[in-house]
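Everything numeric in this text was worked out from a predicted model, so none of it was measured. In what follows, chains are A, B, ... by sequence order, proteins preceding strands, each numbered from 1.
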Protein chains: 2
Amino acid sequence: MGAIDRNSHEKRKSSPGPSGRIWIEGDEGTFLGYGRVVLLERIREYGSITKAAKSMEMSYRHAWELIDSMNRQADKPLIEAATGGKGGGGARLTDEGERAIKLFWKFYAEFQIFLKEQSKKITLNLN
Amino acid sequence: MGAIDRNSHEKRKSSPGPSGRIWIEGDEGTFLGYGRVVLLERIREYGSITKAAKSMEMSYRHAWELIDSMNRQADKPLIEAATGGKGGGGARLTDEGERAIKLFWKFYAEFQIFLKEQSKKITLNLN
DNA sequence: TACCGTAATATACATCAGGGAATAACGCTA
DNA sequence: TAGCGTTATTCCCTGATGTATATTACGGTA
């Protein structure tokens, strides 16, 4: 339920020291990033782009563009959406989407470890 | 002599795979980043904020703000500037600035290694 | 003292990513 | 068939960021 900033990056504590952002690049630019992956998870949770976007305080327009970007760059779509029908339609995370989520969080976790290691070295050198 | 983009991050090849940006956070936000460190080096080279900014295709105003931000957040100034005098004045990199440059490039180099390692793991998982 | 090139600073302008709102299409349900 | 909620798409507006431009301050030098 936490708010996500407008750049689709995680809110980071502004504690001095090494910091950074990571993402997975695709053919058209960013393929997977923190905000995108959280969006995927929210869609899995709510089954709706509209609800997922609202839960992140993100505009539907922006959410849709991110999903479209991911789907275009992936071999197979990460999200499959349907208009009309019961409840007006909805969206669902595919197996490919599930794999993308796992892939990114693994990368993300290793980066956090990397930053922590760097923090030890760098804070020593500051004074 | 290469052009630096407007966000003060290095121009990165858009090759698919793990990517990212790093910086060193200070009390007011970014303290050292790629663009800032290149700016420091250019000032060391030219002895002038004006010339350093031009060489990076950066506005003087922006360059000055970056320098001011770094100087305010560091224990001792990284850049010392003088108005008037021979040649109208100039700017010079301090020893503290020299250390900041080394510190950042070390961090940067280790991050490149980290990305390369991650690339091996991730490209394997894509197909 | 006049000149010079730079630092320092303020103001106006341009650009652009994203938000908000409006609208159409869709297909199940009652 | 009418209603519903969602996806999909378009247009306009705003806020933030950086550029461009102009002006002043400065202190050596000729």
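Rounded to whole Å, atom P of C:dT15 lies 18 Å from atom NE2 of B:His62. Distance, B:Leu66 CG to D:dT19 C1': 14 Å, rounded to whole Å. Atom CD of A:Glu57 and atom C1' of C:dG18 are 15 Å apart (whole Å). Summarising the geometry, the separation between NZ on A:Lys86 and C1' on C:dC28 is reported as 10 Å, rounded to the nearest angstrom.
Checked for salt-bridge contact, B:Lys121 and B:Glu117 miss the test: no charged N lies under 4.0 Å from a carboxylate O. A:Arg99 has no carboxylate O lying under 4.0 Å from a charged side-chain N of A:Asp95, or vice versa, which leaves the two without a salt bridge.
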Let me see the working for A:Lys76 and A:Thr94 under side-chain contact (heavy atoms from CB on, under 4.5 Å), right down to the final yes or no. CA-CA 9 Å; A:Lys76 303 173 186 173; A:Thr94 67; over 6 Å; no
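Under the rule for a ring-ring contact (aromatic ring centres under 6.0 Å, His included), the partners of B:Phe114 that lie at least two apart in sequence or sit in another chain are A:Phe111, A:Phe114.
With hydrogens and angles ignored, the 3.5 Å screen pairs a side-chain donor or acceptor of A:Arg36 with a backbone N or O of A:Thr30.
The distance between the ring centers of A:Trp23 and A:Tyr108 does not fall below 6.0 angstrom.
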Given protein heavy atoms under 4.0 Å, the one-letter contact record of nucleotides 1-11 of chain D, with B base, S sugar-phosphate only and - none, is simply ----BBBBBBB
